[in-house]
Amino acid sequence: MLFRSVFGGLWEGEQVNMMQFTQIGPGRCLGNHFDRRDKWREGIASIAWGEAASPADARGDSWTLCMQQSAEQLGKVAKEVKLQLPPGSAYVLTGPAQGRTAWCAKQAVAHQACTCCWTHGIWNRDSTQKRHSITLRAYDVDWGRQIGRASCRERV
């Protein structure tokens, strides 16, 4: 119930059916990536905190959410936004920021790159402690069953 109050009506009418716990070590990162673009419904909601108090905050060290948009030239970054977030921060990624196939002008699937959507990554470089997070998503329960895609049985 806490997450529903924090993230509001993000999944109105949807069933949140995936929860992920992540730890990122001190001085480490979770590199920029697309989640499986055609497998998730709208919205990624996450809340993160440090493993222990820091001198500046009882919730731990701050960390960086890095968003990147690809350039036409493969492997190059056209735009980058870095947000320094305090521990205990909650954030939501939707639309082109989430990078879902449904929003992509190229209709990219899986982890294919495009120039219209954004990747996301977490940078914990300046921290001396682990960053913990809980992330919620709505898995598309019909994924792999849509017309034009191989069924689960056909893929095996």
For this session: Decide yes or no on side-chain contact (heavy atoms from CB on, under 4.5 Å) for Ile44 and Val92, but give the supporting numbers first.
Result: CA-CA 5 Å; Ile44 300 171; Val92 173; over 6 Å; no
For this session: Answer yes when Asp140 and Arg41 have at least one side-chain N-carboxylate O distance shorter than 4.0 Å, and no when they do not.
Result: yes
Problem set entry | Within 6.0 Å of CG in Asp126, more than 12 heavy atoms from elsewhere | no
Problem set entry | Residues that Ser133 engages under side chain to side chain contact (heavy atoms under 4.5 Å, CB included), provided they are two or more places apart | Thr22, Ser46, Ala48, Arg131, Thr135
Exercise. Taking the six-membered ring for Trp, are His111 and His33 ring centroids under 6.0 Å apart?
Worked result: no
For this session: For the pair Met67 and Leu93, evaluate side-chain contact (heavy atoms from CB on, under 4.5 Å) and give the outcome as yes or no after the intermediate values.
Result: CA-CA 10 Å; Met67 303 292 296; Leu93 300 177; 4.0 Å; yes
Problem set entry | Straight-line distance of Ile47 CD1 to His132 NE2, nearest 0.5 Å | 13.5 Å
Exercise. Is there a side-chain contact between Arg125 and Ser127 (heavy atoms, below 4.5 Å)?
Worked result: no
Exercise. For Gln129 and Glu51, does a side-chain donor sit closer than 3.5 Å to a side-chain acceptor?
Worked result: no
Exercise. To the nearest 0.5 Å, what is the distance between OG (Ser89) and CH2 (Trp49)?
Worked result: 12.0 Å
Exercise. Is a salt bridge present between Asp35 and Arg137, judged by a nitrogen-to-oxygen distance below 4.0 Å?
Worked result: yes
Exercise. About how many Å separate CZ of Phe34 and CZ of Arg100, when rounded to the nearest 0.5 Å?
Worked result: 13.5 Å
For this session: Could you give me the CA-CA distance, side-chain angles and deciding distance for Cys117 and Gln69, then say whether side-chain contact (heavy atoms from CB on, under 4.5 Å) is met?
Result: CA-CA 6 Å; Cys117 298; Gln69 196 173 34; over 6 Å; no
Exercise. If you look at every heavy atom in Thr64 and Gln84, which pair is closest and at what distance?
Worked result: OG1-OE1, 2.8 Å
For this session: Scan side-chain atoms only and decide if Glu42 and Trp103 contain a donor-acceptor pair under the 3.5 Å cut-off.
Result: yes
For this session: Could you please spell out the steps behind the side-chain contact (heavy atoms from CB on, under 4.5 Å) verdict for Trp123 and Lys82?
Result: CA-CA 9 Å; Trp123 304 91; Lys82 291 182 178 180; 5.6 Å; no
Problem set entry | Test item: side-chain donor near acceptor, Thr101 and Asp38, under 3.5 Å | no
Exercise. Counting heavy atoms not belonging to Arg59, are there more than 12 under 6.0 Å from its CZ?
Worked result: yes
Exercise. Counting heavy atoms not belonging to Lys106, are there more than 12 under 6.0 Å from its NZ?
Worked result: yes
Exercise. What's the spacing between His120 NE2 and Leu65 CG if we round to 0.5 Å?
Worked result: 8.5 Å
